[in-house]
Amino acid sequence: RTNFFLSPMDVPKGDLFLGLDSSTQGLKATVLDGHTRAIQQTYRVSYDHDLPSFQTSGGVHHGDAGEVTVPAALLAAALELLFQKMKAQGVNFEKIRAVSGSGQQHGSVYLNSSATDVLSTLDPSQPLQDQITKAVSRSKCPIWMDFSTTQQCQQLEAAVGGPVELAKRTGSRAYERFTGAQILKIKQTEPEVYARTAHICLISSFMCSLLLGDVAPVDTSDGAGMNLMDLTTQTWDDEILRFIDDGLSAKLGTPVPAHTVLGNVSGYMQTRFGFAGDCAVVAWSGDNPNSVAGLGLSTPGDVGLSLGTSDTIFSIAEASASKPGLEGHVFVNPVDPGSHMIMLCYKNGSLARESVMKRVARSWKVFNGMLQHTEPGNSGNIGFFIVEPEIVPHIAHTGVRRFDAQNNPVADFPPEVEARAIIEGQALSMLVHSQKMGIVPKKIIATGGASVNTAVTQVFADVFGTPVCAAEQPDSASLGAALRALHGYLSKKQPVKFSTLLEYTPLPLKEVAQARPAATAVYKALLQRYDALEATIADRQ
């Protein structure tokens with residue numbers, strides 16, 4: 001056997017691997033024991049609760065005309081606070097052999113020409129956020145919730161011959177939240193900011209830079225979510241970059257595979273928190289790509305379902321089988337750069353569910369009771385709950401649209417019907433659009449906050465007609481980052497397949513819902529009608 005050295009015995013007892021997840025609402029950490037492959041502990045910082053001076057709501061700032069941002073200083077402050085918490089709770093940073101991370105996809109951070117010097121000369125006696133502001137050319141970082149770049153999306157698509165051509169090249173048509181449109185908007189509307197920007201990072205590569213003490217490169221998996229990278233060559237598309245700016249390539253740097261070991265943690269991190277000098281920094285990636293690793297997706301038919309601030313459904317596919325089009329996204333698989341990851345992303349996830357819960361039930365216990373005591377299919381009532389402009393399908397106008405069994409618009413549903421309508425609507429939309437993307441689930445592995453709610457996962461099992469399992473570690477992104485840190489560490493000896501690593505790393509899954517055939521039949525009969533109603537409220541593509 002060529003993979004015997006991947007057994008736990010190959011990693012000395014006590015060696016730890018750290019995975020971080022810089023998400024929409026906070027920063028999380030998973031510490032993995034490399035010898036036993038067990039999760040030693042998890043830690044978290046909430047932006048709203050733990051860093052109130054930044055005055056975020058749901059982790060973000062809402063601006064004018066659809067702008068949604070996060071302060072660059074907040075990202076640094078969260079890392080500082082998280083490490084302080086971990087240190088106070090007894091984490092031995094010196095035992096951490098490698099660290100990697102996850103960042104909310106598409107978000108971008110803009111650094112000036114002094115960034116390299118600032119990062120490499122940080123003063124260990126001073127907090128991180130107080131120093132990092134000197135390296136930033138734009139204090140506000142646009143994130144995935146931003147929808148202010150419709151005009152720039154149209155320009156990008158026109159520049160390459162239309163949305164289909166852009167999707168074929170980059171894996172997705174132009175989306176407002178994608179980084180390419182955000183960069184183009186800043187160049188057009190804030191030319192002085194763009195001019196003094198020397199480096200453009202994704203949130204993932206920016207957070208990695210804080211650990212590395214240097215400007216870290218973008219990885220190819222998260223880089224595929226920018227509308228700037230050629231999916232086939234996994235390098236920047238020169239024509240798209242030149243359309244935005246002849247100098248953009250220099251600002252972006254060269255993308256690298258997600259398993260790349262970039263170097264060791266900086267002197268600042270060693271002195272301030274106690275990291276060992278040989279602790280490796282593995283390239284960071286996006287949150288959804290990291291969830292592929294954290295859920296252990298390894299074969300077609302394994303489908304990940306992330307029920308968080310945004311809802312996503314994703315699967316892996318051979319590069320030759322993926323077909324980028326007008327819906328959904330195709331990214332580079334972060335744990336196997338020769339294959340692809342197919343994903344659909346919904347902006348109206350947990351916040352939409354919570355808004356309905358608070359309105360009709362005021363507690364999840366009451367809400368779940370409503371789900372359990374109403375019939376699958378909801379007597380033909382269908383609702384669309386658009387709290388934020390939606391991505392799939394594209395719906396710019398917010399609000400709730402309700403239809404009775406005869407497709408007549410109605411103003412209100414009874415509370416119990418409203419509760420079932422939002423969960424069924426979310427599940428049915430995922431089924432409709434995942435089928436169009438060629439995703440055929442044999443097993444669904446759920447993660448995110450709502451994955452522990454069995455009343456919700458039962459609806460998804462019934463709609464998809466397949467079992468739903470939940471990861472025992474709800475935050476699959478930080479776990480995936482920890483596993484990728486271990487993978488990068490082991491790969492320094494010789495190339496290692498991530499799937500081989502998984503053979504020695506059982507990821508505990510618990511079946512939380514089994515599909516009920518009678519309920520699945522109800523949803524199968526309802527699917528075409530749902531699709532037709534959704535089309536009446538969606539914007540023209």
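The first residue of the sequence shown is numbered 1, and numbering continues consecutively from there.
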Sub-3.5 Å donor-acceptor pair from the side chain of [X] to the main-chain atoms of [Y], do we have one?
{"X": "Lys28", "Y": "Ala477", "answer": "no"}
{"X": "Asn290", "Y": "Ser476", "answer": "no"}
{"X": "Ser209", "Y": "Ala216", "answer": "yes"}
{"X": "Thr398", "Y": "Pro389", "answer": "no"}
{"X": "Ser429", "Y": "Gly425", "answer": "no"}
{"X": "Ser100", "Y": "Ala482", "answer": "no"}
{"X": "Arg516", "Y": "Ala518", "answer": "no"}

Item to check | Partner set under salt bridge (Lys or Arg N to Asp or Glu O under 4.0 Å) for Glu176, not counting sequence neighbours | outcome: none

Checklist entry - Who pairs with Asp531 by salt bridge (Lys or Arg N to Asp or Glu O under 4.0 Å), at least two apart in sequence or on another chain? => result Lys436

So do [Y] and [X] actually touch side chain to side chain, heavy atoms under 4.5 Å?
{"X": "Leu431", "Y": "Tyr523", "result": "no"}
{"X": "Phe460", "Y": "Ile444", "result": "no"}
{"X": "Gln514", "Y": "Pro467", "result": "yes"}
{"X": "Val332", "Y": "Met229", "result": "yes"}
{"X": "Cys201", "Y": "Leu111", "result": "yes"}

Checklist entry - Are Arg420 and Glu416 close enough for a salt bridge, meaning some N to O gap below 4.0 Å? => result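 No salt bridge links Arg420 with Glu416.
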
Next on the checklist: Any carboxylate oxygen within less than 4.0 angstrom of a Lys/Arg side-chain nitrogen, looking at Glu67 and Lys185?
Outcome noted: yes

Checklist entry - So with a 6.0 Å cut-off around NZ of Lys347, is the heavy-atom count from everything else above 12? => result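 Yes.
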
Next on the checklist: Quick check on Gln188: does its CD atom have over 12 non-hydrogen neighbours (other residues, nucleotides or ligands) under 6.0 Å away?
Outcome noted: yes

Item to check | Atom of Gly59, atom of Val70 and distance for their closest heavy-atom approach | outcome: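 It is O-CG2, 3.9 Å.
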
Item to check | Lys85 vs Asp50, salt bridge (charged side-chain N to carboxylate O under 4.0 Å, His left out): CA-CA, chis, key distance, verdict | outcome: CA-CA 11 Å; Lys85 279 188 172 185; Asp50 296 318; 3.4 Å; yes

Checklist entry - What about the rings of His329 and Tyr175, do their centers lie closer together than 6.0 Å? => result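 They qualify: ring centres under 6.0 Å apart.
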
Item to check | Distance-only side-chain donor-acceptor flag, Ser285 / Asp222, under 3.5 Å | outcome: no

Item to check | Distance-only side-chain donor-acceptor flag, Tyr530 / Glu424, under 3.5 Å | outcome: no

Checklist entry - side-chain hydrogen bond (donor to acceptor under 3.5 Å, both in side chains) between Asp21 and Ser478: does it pass, once the steps are laid out? => result CA-CA 5 Å; Asp21 175 30; Ser478 66; 5.7 Å; no

Next on the checklist: I'd like to know whether Asp146 forms a side-chain hydrogen bond (donor to acceptor under 3.5 Å, both in side chains) with Ser148, so could you lay out the CA-CA distance, the side-chain angles of the two residues, the decisive distance to 0.1 Å, and finally the verdict.
Outcome noted: CA-CA 6 Å; Asp146 188 286; Ser148 66; 2.7 Å; yes

Next on the checklist: Checking Ser102 against Asp287 for the side-chain hydrogen bond (donor to acceptor under 3.5 Å, both in side chains) test, could you report, in this order, the C-alpha distance in whole Å, the side-chain angles of both residues, the deciding distance, and whether it holds?
Outcome noted: CA-CA 5 Å; Ser102 153; Asp287 49 2; 5.4 Å; no

